[in-house]
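Data block below; observations after.
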Number of protein chains: 2
Amino acid sequence: MENKYHFACQLIREAGQFIKGRMTSDLDIEEKSGFGDLVTNMDRETQDFLIAGIKARYPDDAILAEENGVTHDIKDGRVWVLDPIDGTVNFIVLQDDFCIMMAYLEDGVGQFGLIYQVMADKLYSGGGQFAVVCNKEPLPVYQERQLAQSLFACNSRMYAQNTGGVRQLLDQCLGIRMYGGAGISMSKVLSGQLLGYFSRIQVWDYMAAKIMGEGLGYCLLTLDGQEPDFKTRQQVMFIPKAKLTEVLSYLKGVTI
Amino acid sequence: MENKYHFACQLIREAGQFIKGRMTSDLDIEEKSGFGDLVTNMDRETQDFLIAGIKARYPDDAILAEENGVTHDIKDGRVWVLDPIDGTVNFIVLQDDFCIMMAYLEDGVGQFGLIYQVMADKLYSGGGQFAVVCNKEPLPVYQERQLAQSLFACNSRMYAQNTGGVRQLLDQCLGIRMYGGAGISMSKVLSGQLLGYFSRIQVWDYMAAKIMGEGLGYCLLTLDGQEPDFKTRQQVMFIPKAKLTEVLSYLKGVTI
């Protein structure tokens with residue numbers, strides 16, 4: 001497993017170089033399912049780059065990925081979960097604050113996860129048997145903090161519409177941040193900068209953070225505190241396990 | 001004026017070093033006027049550092065600054081406008097995404113402005129007779145872009161309460177970002193990453209960006225398109241001048 005982990009750390013950095021080297025080329029931009037859900041040729045090419053790397057080394061492993069309908073049951077055997085560019089709008093408009101994400105599971109058990117902030121060159125990695133680190137610096141296990149002294153990141157639509165009662169919770173906090181991507185936001189939870197994150201996302205958006213977070217005291221759950229289905233886009237939260245009861249007390253009882 | 005500008009560029013970087021060198025020391029945190037408006041000993045010490053530097057070189061210049069009630073009529077003579085730490089909550093909680101801001105005016109006319117993103121080591125400077133640059137790289141003059149392809153940053157309370165009708169405008173855009181500071185947000189407008197920014201802020205929060213923005217096609221106005229009063233906390237927007245009519249068409253006619 002250690003070889004596989006180091007292979008993944010190297011591959012994700014190479015994919016970052018691949019993207020950076022092509023950032024001057026013109027992008028073909030296409031809408032996937034509507035407003036804010038854009039995909040570029042770079043997403044697809046980066047995914048192909050990752051898949052080619054994995055298949056060359058581990059030809060029998062399965063892959064579940066964001067683009068082109070590459071799918072596999074996440075609980076069946078050795079599975080890589082890939083998001084080639086998380087935060088595509090940030091990639092297109094800001095040319096910053098986007099991430100590559102990878103997760104690896106065996107029979108549904110997370111072995112490691114990786115979130116690479118490409119432009120900042122920050123690689124968050126670990127989980128399972130591996131220490132969770134950012135560029136080899138260990139990340140802190142969650143220590144109790146009060147809502148009133150903490151920041152949360154939240155999807156703008158969920159905040160605007162008070163989906164699941166998130167505003168009741170967020171109104172207790174010191175402030176809200178919106179960074180426009182799951183990877184950038186959840187890596188700020190893992191580093192202890194944000195207390196938590198709310199969004200409506202897919203398995204490739206959250207699996208890497210979920211695996212890393214488990215080693216540091218965080219959980220990735222639906223807004224009613226259940227395990228997500230790992231199959232559909234769902235409203236989820238990434239918060240400290242020790243805060244689950246308190247968070248649910250603000251969310252529950254609210255008509256969505 | 002060129003000497004004064006280079007002096008300011010050097011002083012603001014020294015103030016950044018001053019902050020970084022003390023970021024391990026314990027912070028005394030105090031509420032100024034309520035939730036989210038915190039001040040630390042570091043804000044005050046950094047302001048003292050800036051004022052001492054200015055007074056040593058330009059003893060007759062006046063100063064208007066955020067902390068300790070250091071005030072002066074902005075239209076009267078040679079005036080420095082200082083915000084020692086913009087984004088104090090980010091400074092305390094994230095230890096990132098905060099800025100030092102300086103602006104210099106003579107008889108009410110902006111001569112230059114500076115926004116220094118301390119942790120990213122990015123200095124936005126210029127305006128008046130000086131080219132607007134980030135770390136010496138020229139920043140682009142605004143080029144026409146559509147709302148639907150653009151991101152805006154917005155104060156969370158104004159977004160939640162649809163202050164001034166900002167949501168009617170923001171719903172036309174590709175997305176919303178919240179970075180928790182005027183300096184970090186407005187520097188992303190100056191770099192062309194964001195199309196605009198809405199917040200409720202004071203003169204020291206916006207003067208540097210206003211002076212720099214004028215050279216690149218941006219304007220800093222109240223939500224009804226007027227010049228701010230430069231004296232009180234006001235709801236303002238920092239947008240391309242060429243977009244003013246379009247922006248106002250979404251904002252106006254709305255009961256606040």
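Order of the sequence lines sets the chain letters (A, B, ...), proteins ahead of strands, with each chain counted from 1.
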Is any side-chain heavy atom of B/Leu174 closer than 4.5 Å to one of A/Ile92?
no
Rounded to the nearest 0.5 Å, what separates atom CD in A/Gln193 from atom CG in B/Asp97?
8.0 Å
Might you confirm whether atom CD of A/Glu144 has over 12 heavy atoms from other residues, nucleotides or ligands at distances under 6.0 Å?
yes
For the residue pair A/Val93 and B/Gln149, establish whether any side-chain heavy-atom pair is separated by less than 4.5 Å.
no
Does any non-hydrogen side-chain atom of B/Arg177 lie less than 4.5 Å from one of A/Val89?
yes
For B/Arg145, is it the side chain, the backbone, both or neither that has a heavy atom under 4.5 Å from a heavy atom of chain A?
neither
If every non-hydrogen atom of A/Tyr159 is compared with every non-hydrogen atom of B/Ser156, which pair is closest and at what distance?
OH-O, 3.7 Å
Looking only at heavy atoms and a cut-off of under 4.5 Å, which of B/Lys188, B/Met178, B/Arg167 has the most pairs with chain A?
B/Met178
Passes side chain to side chain contact (heavy atoms under 4.5 Å, CB included), A/Asn90 versus B/Leu151? Steps please.
CA-CA 9 Å; A/Asn90 283 352; B/Leu151 299 172; 4.2 Å; yes
